[in-house]
Protein chains: 2
Amino acid sequence: MTDTRQHILATGRALVARRGYTGVGLSELLREAGVPKGSFYHFFKSKEAFGCALLDSFVEGYAEDLAATLDAPGLNGRARLMAYFEGWRTRQSGEAYEARCLVVKLSAEVAELSPGMTEVLARGVSSITARLASVIREGAADGSLPAHDDASALAVTLYQIWLGASLMGALSRDTIPYDSAMAATAALIDRKGPTA
Amino acid sequence: MTDTRQHILATGRALVARRGYTGVGLSELLREAGVPKGSFYHFFKSKEAFGCALLDSFVEGYAEDLAATLDAPGLNGRARLMAYFEGWRTRQSGEAYEARCLVVKLSAEVAELSPGMTEVLARGVSSITARLASVIREGAADGSLPAHDDASALAVTLYQIWLGASLMGALSRDTIPYDSAMAATAALIDRKGPTA
DNA sequence: CGCCCCACTAGACGACCGGTCTAATCGGCC
DNA sequence: GGCCGATTAGACCGGTCGTCTAGTGGGGCG
């Protein structure tokens, strides 16, 4: 069955979102998934290959969610952008580990560990910031946002703010950093002139 | 000798900055440090206690560096702030792992793993942002920065940007995210009005 | 209807993990 | 010189790590 593979990935995602990549052992993962250890190496050639597959499926799923939020019909560009960040805050400060962003959780850990996983994350990040930049341009076109002369740079800055807020939120275990990020986001997108 | 303890901490810092907390085993650490395992448990009651001590010494050392940079005589507030972020970029994108920021490296990993280590990092972060906020106020007083009505909020936003930039820099392995953060920093501190 | 083949399962394996313990050794103080 | 606490040495334990080699069973083809 190929959905044994899917099941391992889904179980792994929640586990890795909580304990990190190095922190999750095969034994724990497979016990949790109810899958015998032998099967694992049938579906993945190594733990790192599993990690890459996990991130691939995360990035893919994220892109779909992103499309659903940022292409929501009937909302102007600004509202769609703010909805995205509201969603970020909700997921990242909620209880559900499987909803947490793996870029936040794994970037630092994986950067020196696995070039393959790093690459998948890096591609995911740049596609997110690219999509954010185009929504900023759409907001300028529909009049909901001022014209920003470098939408890409603004998108990167916003994404950096939210990554940083997520790190701080993990440390403080409250939503204050996200509230701060939300305020900064609103201030940045609504004001004219060179921002980044 | 108490400086065996210091030596273990110094060795551990470089190792942990590269491989992460979970990724560094006692055996590797002690082999690297040339210290027998028996000594480790004389100085630290557990690996987690070692982790807390490591972060304590990091935070303490960081505070000293911070003071040296942010209290540099003969520079106005704005110049001191920018010097701090220049230093961040240099250290974080350089080769020397022992110079890397452990808040960036460990926040996500440690948050769900060790309340003690999380607490040390959280305190460190809030003392940094508090110090940045006061430099922003000093800059307003000496005329090098406009008056920001909420210096604390601006300081948090700047810190978030740099945390996020560091995560992105780890993924992309270039300085582009830091350059972006630097531009955003300059834009944010130099403009009037509510920013965050 | 039977056989065979390959996707999948089962768990043994050696290395090493974090953590503990006892015995040996060191060094300062009387 | 001799003693005692501080430090070092490393064997040892139960457990987990990632890997790998046998085995099994069910679907497809003859």
Side-chain angles (χ1 to χ4, degrees), chain A residues 1-57 105-106 109-110 112-118 120, chain B residues 1-57 102 105-106 109-118 120:
Chain A
M1 300 282 197
T2 249
D3 57 26
T4 296
R5 190 187 135 101
Q6 288 306 315
H7 178 61
I8 296 174
L9 286 173
T11 306
R13 175 163 169 188
L15 238 27
V16 166
R18 184 157 68 241
R19 302 205 206 294
Y21 174 75
T22 307
V24 174
L26 271 336
S27 304
E28 178 185 15
L29 166 63
L30 296 169
R31 198 186 316 124
E32 187 84 9
V35 167
K37 189 181 263 190
S39 302
F40 182 86
Y41 281 90
H42 173 69
F43 293 109
F44 307 102
K45 82 172 213 290
S46 68
K47 193 194 183 191
E48 190 192 357
F50 162 74
C52 291
L54 180 67
L55 292 182
D56 270 327
S57 85
K105 184 69 186 184
L106 298 183
E109 178 182 356
V110 142
E112 298 293 327
L113 187 67
S114 161
M117 293 175 71
T118 303
V120 175
Chain B
M1 303 280 197
T2 249
D3 58 26
T4 296
R5 190 187 136 99
Q6 288 306 314
H7 178 59
I8 296 174
L9 287 173
T11 306
R13 176 164 168 187
L15 236 28
V16 166
R18 185 159 65 239
R19 301 204 207 295
Y21 174 75
T22 306
V24 174
L26 272 333
S27 305
E28 178 186 14
L29 167 62
L30 296 169
R31 199 185 317 125
E32 187 82 10
V35 167
K37 188 183 264 191
S39 302
F40 182 87
Y41 282 90
H42 174 68
F43 293 109
F44 308 101
K45 80 172 214 291
S46 68
K47 193 193 182 192
E48 191 192 356
F50 162 73
C52 290
L54 180 67
L55 292 182
D56 270 329
S57 86
L102 294 184
K105 184 68 185 185
L106 298 183
E109 179 182 356
V110 141
E112 299 293 327
L113 188 67
S114 162
M117 292 175 71
T118 303
V120 175

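Excluded from the calculations below are hydrogen atoms, water molecules and symmetry mates; all remaining heavy atoms, backbone and side chain alike, are included. Chain letters run A, B, ... following the sequence lines, proteins first and then strands; every chain starts at 1. A quick note: this is a predicted structure, and the numbers were derived from the prediction, not measured.
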Inset, instruction - Return the nearest nucleotide to the side chain of Lys47(A); candidates are dT9(C), dG18(D), dG18(C). - result: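 The nucleotide sitting nearest to the side chain is dG18(D).
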Inset, instruction - On DNA chain D, check which nucleotide each of Pro36(B) and Lys45(A) is closest to and give me the residue with the more 5' one. - result: Pro36(B)
Inset, instruction - By nearest nucleotide on DNA chain D, pick out whichever of Arg31(A) and Lys37(A) is the more 5' one. - result: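 In this pair, the answer is Arg31(A).
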Between [atom2] on [N] and [atom1] on [X], what's the gap in Å once rounded to a whole number?
X: Leu26(B); N: dA15(C); atom1: CG; atom2: P; result: 21 Å
X: Arg5(B); N: dT8(D); atom1: CZ; atom2: C1'; result: 17 Å
X: Phe40(B); N: dG18(C); atom1: CZ; atom2: P; result: 9 Å

At under 4.0 Å, does any side-chain N or O of [X] touch on OP1 or OP2 of [N]?
X: Ser39(A); N: dT9(C); result: yes
X: Ser27(B); N: dC17(C); result: yes
X: Thr4(B); N: dT7(D); result: no
X: Tyr41(B); N: dG19(C); result: yes
X: His42(B); N: dT7(D); result: yes

Inset, instruction - I would like to know whether Lys47(B) and Tyr21(B) meet side chain to side chain contact (heavy atoms under 4.5 Å, CB included); could you show each step before the answer? - result: CA-CA 10 Å; Lys47(B) 193 193 182 192; Tyr21(B) 174 75; 3.5 Å; yes
